[in-house]
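Quick one: the structure is below, questions incoming.
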There are 2 protein chains.
Amino acid sequence: MAKKKNLKAQTYNELCDLLSDRFDRLSNQLKKISQFVLENPNDTALKTTANLAQQIGVQPSSLIRFAQALDYDGFSEVQAIFKERLVKQLPGASENYSERIQGLRKEQSGENKQSLNFLDKFIDINCSALEHLGKDISPNDLEKAIELIKAAESVYILGQRRSFPAAAYMYYGMSQLSIRSYLIDSVGGLLKEQISQLGKNDVLIAITFPKYSENSLSAIRIARERGATIISITDSPISPVVLESDICFYTDVATISGFRSFSATMCLAQTLVINLG
Amino acid sequence: MAKKKNLKAQTYNELCDLLSDRFDRLSNQLKKISQFVLENPNDTALKTTANLAQQIGVQPSSLIRFAQALDYDGFSEVQAIFKERLVKQLPGASENYSERIQGLRKEQSGENKQSLNFLDKFIDINCSALEHLGKDISPNDLEKAIELIKAAESVYILGQRRSFPAAAYMYYGMSQLSIRSYLIDSVGGLLKEQISQLGKNDVLIAITFPKYSENSLSAIRIARERGATIISITDSPISPVVLESDICFYTDVATISGFRSFSATMCLAQTLVINLG
DNA sequence: GCCAAAATGAAATATTTATTCTATATAAAG
DNA sequence: CTTTATATAGAATAAATATTTCATTTTGGC
């Protein structure tokens, strides 16, 4: 057998190494491409060969030659690596972050305990949920929500079951700020009665996640009928509460073993409260 | 002119709004697709129609129908929006997450709104609190706590004031797991009476932060006198509860404007609960 | 329970996109 | 200066991918 074939670089980092290695021996155009792809990894991941070629100022065929000079069959293979990088870098799989934690864990506990794995996973999930939060919350909505709450006569906070802790936090925070607020806690099964206190100068902050409790949904409907302003925190644009709400925030509820991450929701809750103060 | 043409949703947020609006009127398959794309925006951005269709469990043509139901000409237009979202999230080569977040924020809101700064700061604080958590929690303590809880006849959970949300979460989680658990909520001012239920085969999980409420402290003392096992979550080794506790976890409660980050505490709470399941 | 309308699946087609091929230009060696 | 090898552009082709069409199933109204 003539020669053992070089295994292609599979990850972004390997690709980087390969490039530093061969850069000097590449032709002018291929150097140009190298520089571009390293400086514009996102474009490289998402655009078509024709597009990229134009942007770089080379022919599409040069992109293929570039890939082949790096031992790939075609440019698509290179692009796949950039795509992978794009999602890996995203919250949740952020190489720095996860790797850092995992490395740390390994070194400090050789025993690899189950409970620690869960802790790590949770930290990871919560962190990525937080990162998403920053990106997905619309600045305008946040401002608007704060204005509405400030203008309200009273603020009612609704969160049943898993959403109750977040609701309880908001209630605590607002009380500290001497905002006239009420926690709808269903004590004594009096949810409907509690909701009926709401008037048209009041704001209802409703926190709901799947599976949306029928109690919460009907409470929101009642509040709406009574003319209250409704600010919701829920999981997605297709949650049943969205259409009933004046403003809606979506928080990422990544799940692990059927349980949901709460950090993003809590963080948003805190942000709202603090901006009132 | 026959009819004013609807302008297509151009951004991810607009697309979300559109989906909330029309979701109810979509057919089953189209609903399925809606859910998927909202839950898997990255896949939606990067994969081919055939791929996605298979993953969702529909025909490729349904994806096009989905796009058309949202006034687009084809699925490619939808995908373009998801692609845009994907890169908007990532300002260039990412350093660590806080820098990333800060960079992002600056660029997308020239107006530099106060509320956003708070959101960013919070995200940042919560993320580092989580990171610390991973480093600070002792594997042995975690294991031991889990064993103790598993062995307990009943679990009582105490958290007053700011600690109440975390306590409420643990109560919720344990109830889901059919663990015999009680939330000491002081309803009706009956804290002492609630605590007096504790016996020597029970575990008290006490969550306390400065300034440690006198109620909580005396509750812990009573529980101890009655021979219960005490697992605490508190802020530091010099917290007054440490000496009363069998196991003690410290969570980082970074503060901003006098308010405290809760993520680490919540995360630890979740980890404990899940390891019981 | 029947009919019309809507939704879906599956294959056919159109379009886009990647890759190869060929001619031309450029650089290096004799 | 010529020759040979290499690099590049641009067009041609192949492959992948999106979209349309049509047959079949399902749904909802009478």
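None of the values given here were measured: they were computed from a predicted structure.
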Between Arg22(B) and Asp17(B), is the closest basic N to carboxylate O distance under 4.0 Å? no
Ionic contact status for Asp43(A) with Lys83(B), cut-off 4.0 Å: no
Starting at atom NZ of Lys31(A), determine the distance to atom C1' of dT8(D), rounded to an integer number of angstrom. 16 Å
Do nucleotides 5-25 of chain C as a string where each nucleotide becomes B, S or -: B if the base has a protein heavy atom under 4.0 Å, S if just the sugar-phosphate does, - if no protein is that close. --SBBB------SBBB-----
Look at the rings of Phe66(B) and Phe75(B) and say which category their plane angle falls in: under 30° parallel, 30 to 60° tilted, over 60° perpendicular. tilted
Does the separation of the ring centres of Phe82(A) and Tyr12(A) fall below 6.0 angstrom? yes
Before accepting this row, confirm whether a basic side-chain N of the pair Asp246(A)/Lys144(A) lies closer than 4.0 Å to the acidic partner's carboxylate O. no
